[in-house]
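Working notes, structure below.
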Amino acid sequence: MYKAVEFLNSYQREAVINNEKVLLLNSCVGSGKTTVLVHKVLYLYHEKKIPLKDMVVLTFTNKAAQEIKARILESDAVGEIKEEDLLFFGTFHSVARQLLSTCLPVEDLGYTKEFTILDQNDAESLFDRIINKYRLNIKYRKKLEKRMEEYKNGVSLYGVMKYEDEIEKFIECFSEEKKLLNVMDFGDLIKNASILLKNADFKPSWIIIDEFQDTDMDQLEMIDGLMDKNTHVFAVGDPNQVIYTWRGSSQSLFNTFKERYNAKEMTLPINYRSTATILEAARAFINMPHSLEGVRGKGASIIVKRHYNSFNEAMYLVDTIKKLIADGIKYKDIAVFYRMQKQSQVFEDVFKNHGIPYEVSLRKNIKDIPVLNWFIKLLKASVNSRDVDSLYYVLKDEKYGLGLTAKKASALYESIKKEEFNDIPEIVLKIMEFKTWCENNKPETTDLECHLYEYFDIDNYISPTSIYYDEDKILILNFLKELIDVSFHENTTIFERIRKAVDYSSLYGKSIIKESIDKDNDSIKLMTLHASKGLEFKYVFITGANYGIMPLGTRLMDEEEKRLFFVGITRAMDYLEISYHANPEDYRALPIVSPYLKMIPEQLIESQELKGRAHALSGLRKEIKSNMDKNSAEYIKMQKKALHPKYGTGYIISEEGENFVVEFDGYGKKTFSKSFCPLKFLD
DNA sequence: GGTGTCTCCGTTTTT
DNA sequence: CGGAGACACC
C-alpha cells in the first residue's frame, strides 16, 4: 500500500484514493489541497501504476507548477521519479504550447511547427504596424487591447461613438497578421490546442487541475479536448476564492463542469492555518459556513484601527513592526495587504526611511530591461523566419540595433524577399543563417550561451564603450544560460532548444528575471489582496479598508470584492489587523470603514475606533490634525532635497532602480535618470 | 495645426 | 477628482 496516504486526514485520504471518473474536490482555504494533489499523483503512479506521461497536471501559474513538481520529487520516498518524467506537468499555456509544437497538426490552422509566442510586448508594435499597413481608423489606441476584449464580449468601452472606427476590421486583420507572422498569443495557444485536440490521439488517462476556480471557458474546452471515454479528471478548487472573473473565470463554470461531466463532489473542510477567531470571521463571507472547520485555539482578537491617512497608517505600522521584531517575530512572518498597487508607495517610502526591510509584489517583465528585450527579439526573428516585427525591432532599435528608420527597414526586408543580397547587414545574415548554424553544432555543445553570443557578435551591438557594456553582457549571458538550462535535459537539436527557450521567455518571463517576491527572504511582504492568494503569514495587516476601496467604489455591489476580502483575512495564521483612514486620499473612498467589517461578529473584534468615539469630536479632530502636521513635517524632513536649474528646489520622493522621482513646487513630479541628471543634491 | 470644451474612465494581472 | 482623448471651431 502507498504509505504516505496514512499521514493524511480522512477527507484528504478519500480524495487521494477515490477513483471516480470526474471528481471535483471543493477544498476550503488552508485545507492542504496541494498536499492532496501531490499525493494523488504519487498514489496513481505507485499504487495504480499509471505512467507519469499519461498524466496531465494543469496549473495557472508557473509558481504553482514549480511547487507541485518540487513537492512530488521531494515526497517520492522511493526516489524513482525524475523531473523530466513530469512531461505534461505545467501551466495550461506551457502544456498547450508543448502539444502544439510536437504532436498537434498546427499546419491545419495556417501555422508551422516553428511558431513562436506573441507576448503583450510584441503585440503593441504589431498593433501600430497593422493600423499603418491597412490604413485603419482606430480611436483610443492606448486602450486597444481592452477594447478588443470588450468587443468580443459584445460591449463597447466608449459606448456609441459619434463616429465609429474600424475596430471590427482591425480585429480581423490582427488574427490574419498573426498567422502571417507564424505567432500565437496566449489566448491562441489555448484555443488552437483545444481545436486540434478534439481529433488528436493524445488522450491522457488522468487530467489533474489545480485552482480549478480560475479556469475560463477556453481552458475548459482544452480540458474537454484532452478527454476521451477512459480519461479521469481530478479537479481541485475553491469557489469562495473566485477573484479573477475579469479574466474569464466564474463561479458558474463550476456548475457547467459538474453538469457536463456529471462530476462527483467531495470536500476538504479542515483548515489548519488560522486561529478559531480568524476562521469564525471568515465564515461570515462564504456560502456554506459550516463546511469550514478549524483545529486551532481561539487566538487573539481581530484588531480594527482608524488612522488619519495612509501616511499615519504607515508610521503606525513602523512602530508596530518594531515592537513585533523586539518580541522575536521575524520580518518574513508579517505581510501588509492593500487593494491597489499604488497604495504600496507610502509603505515603501516610510519603511525605507525607517530601515524596515520589505519586498513588493510588482509585475515586472523583461521589457523593463532594454538589452534583454532587444536580444529576445533577435532570437525570435532568428528562430521564426516569418516574424517580421521582431526583425524590424532588431533593425530599428536605436540603442542596440542598427537604428534604421521604418522605411529603410522595410526596404531592406523587401530586398531580402526578392533575394537581392547586396548590402545586407551582418546581423540580418546571422538571423537568416541561424538554422543552418544550429544544424552544424552538436546538441551536447557545452557553453552554448557563449557560442551564441559569439555567433551573433553581440559585442558589436552592446558597444564596449558604453557604461552599460559589462552589465549588458552579463545580463545576456545569464539570461541565455537560464533559458538554455530549462531545455537542458531534452534530447533535441540546438535549434529546437533555442526555439523552446524563446517561448519560455514569454511563458516564464517574470520568474526568469527573479523579480517576484521570495517568501524565504527575511523581509516584510507588501502586496495587493489579489497577489496574496495562496500565501499565508503569521501577522497580516489589511490596510486602507475604507468604504469605497473595499469594495472598490465602482463595484460596491460586487460579490467578488467580498471574496477578495475573504481571501485577505484567511491568509492570517495568528494575528489579523484591519485599518482604514479618516481622511482617505482616493476620490472614491468614504471616510468610514468597509461594510465588510460589519459582517464580522462583534465579539471577535477589538476596535480602536470605538475608543476614539468616546472623545469629544472637536478634541479628536485637533489631536488628529496636530498628529498629522507632526508626521507630515517628519515625512518632508526625511526626504532629500534637490536643486534643478529650471524647476528649482524639489524633494526626492522615490528612487526606483535607475531613476529618481523628484517633486517640484509648481512643476509636479519629474523623473530623472541617475546616470545623467542635472540635479544638485542638498541636505 | 492649435486651442477650448466635453465625455469617459479609473482596479485587480497571469500566461 | 484628474487625465486622456475626441470633437468642434478657428
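Lettering follows sequence order; numbering is per chain, from 1.
- Taking every side-chain heavy atom of A:F186 into account, B:dT15 is the closest of B:dT15, B:dT13, C:dA6.
- Separating the NZ atom of A:K191 from the P atom of B:dT15 is a distance of 18 Å, rounded to the nearest angstrom.
- Residue A:K142 places its side chain closer to C:dA4 than to any other of B:dT14, B:dT11, C:dA4.
- Stacking between A:F60 and the base of B:dT14 is absent under the criterion of ring centres within 5.5 Å and planes under 30 degrees.
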Problem set entry | ring pair (Phe, Tyr, Trp, His ring centres under 6.0 Å) assessment of A:F285 paired with A:F565 | CA-CA 8 Å; A:F285 295 88; A:F565 193 76; 5.6 Å; yes
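- Geometrically, A:R499 engages A:F115 in a cation-pi contact defined by less than 6.0 Å to the ring centre and at most 45° from the axis.
- In terms of phosphate contacts, A:S506 brings no side-chain nitrogen or oxygen within less than 4.0 Å of OP1 or OP2 of B:dT15.
- Nucleotide B:dT13 holds its C1' atom 5 Å from the CZ atom of A:R247, rounded to whole Å.
- Residues passing the ring pair (Phe, Tyr, Trp, His ring centres under 6.0 Å) test with A:F88 are A:F202, sequence neighbours excluded.
- Scanning atom types as modelled, no donor and acceptor separated by under 3.5 angstrom connect the side chain of A:Q341 and the base of B:dT11.
- Between the CD atom of A:Q213 and the P atom of B:dT12 there is a distance of 20 Å, given to the nearest Å.
- As a whole-Å value, the separation of A:W246 CH2 from B:dT11 P is 11 Å.
- Using a 4.5 Å cut-off on side-chain heavy atoms (C-beta onward), A:P551 and A:D558 make no contact.
- Not a single donor-acceptor contact under 3.5 angstrom links the side-chain atoms of A:Y587 to the base of C:dG2.
- Each of A:L220, A:L58, A:N26, A:L25 was checked for a side chain to side chain contact (heavy atoms under 4.5 Å, CB included) with A:F212, and the lone residue meeting it is A:L220.
- Nearest nucleotide to the side chain of A:R588, out of B:dT14, B:dT11, B:dT12: B:dT11.
- Side-chain proximity of A:Y140 to C:dG5, B:dT13, B:dT15: nearest is C:dG5.
- Side-chain to base pairing of A:R339 with B:dT11: one donor and one acceptor N or O lie within less than 3.5 Å of each other.
- As a whole-Å value, the separation of A:E145 CD from B:dT15 P is 16 Å.
- Of the two residues near DNA chain B, A:H93 and A:H530, the one whose nearest nucleotide lies more 5' is A:H530.
- Summarising the geometry, the separation between CD on A:Q98 and C1' on B:dT15 is reported as 16 Å, rounded to the nearest angstrom.
- The nearest whole Å value for the distance from the CG atom in A:N546 to the C1' atom in B:dT11 is 16 Å.
- The side chain of A:T61 lies closest to B:dT15, out of C:dA6, B:dT15, B:dT12.
- One interatomic measurement links the two molecules: CG of A:N121 to C1' of B:dT14, which rounds to 15 Å at whole-angstrom precision.
- Between A:K139 and the phosphate of C:dC7, there is a side-chain N or O to OP1/OP2 separation shorter than 4.0 Å.
- Here A:K146 lies in heavy-atom contact (under 4.0 Å) with a base.
- With both ends at atom P, the span from B:dT11 to C:dA4 equals 12 Å, rounded to whole Å.
- Looking at heavy-atom distances under 4.0 Å, A:E560 makes no contact with the nucleic acid at all.
- In this structure, the side chain to side chain contact (heavy atoms under 4.5 Å, CB included) partners of A:D188, at least two apart in sequence or on a different chain, are A:Y111, A:K178, A:M184, A:D185, A:N192.
- Between A:N62 and the phosphate of B:dT14, there is no side-chain N or O to OP1/OP2 separation shorter than 4.0 Å.
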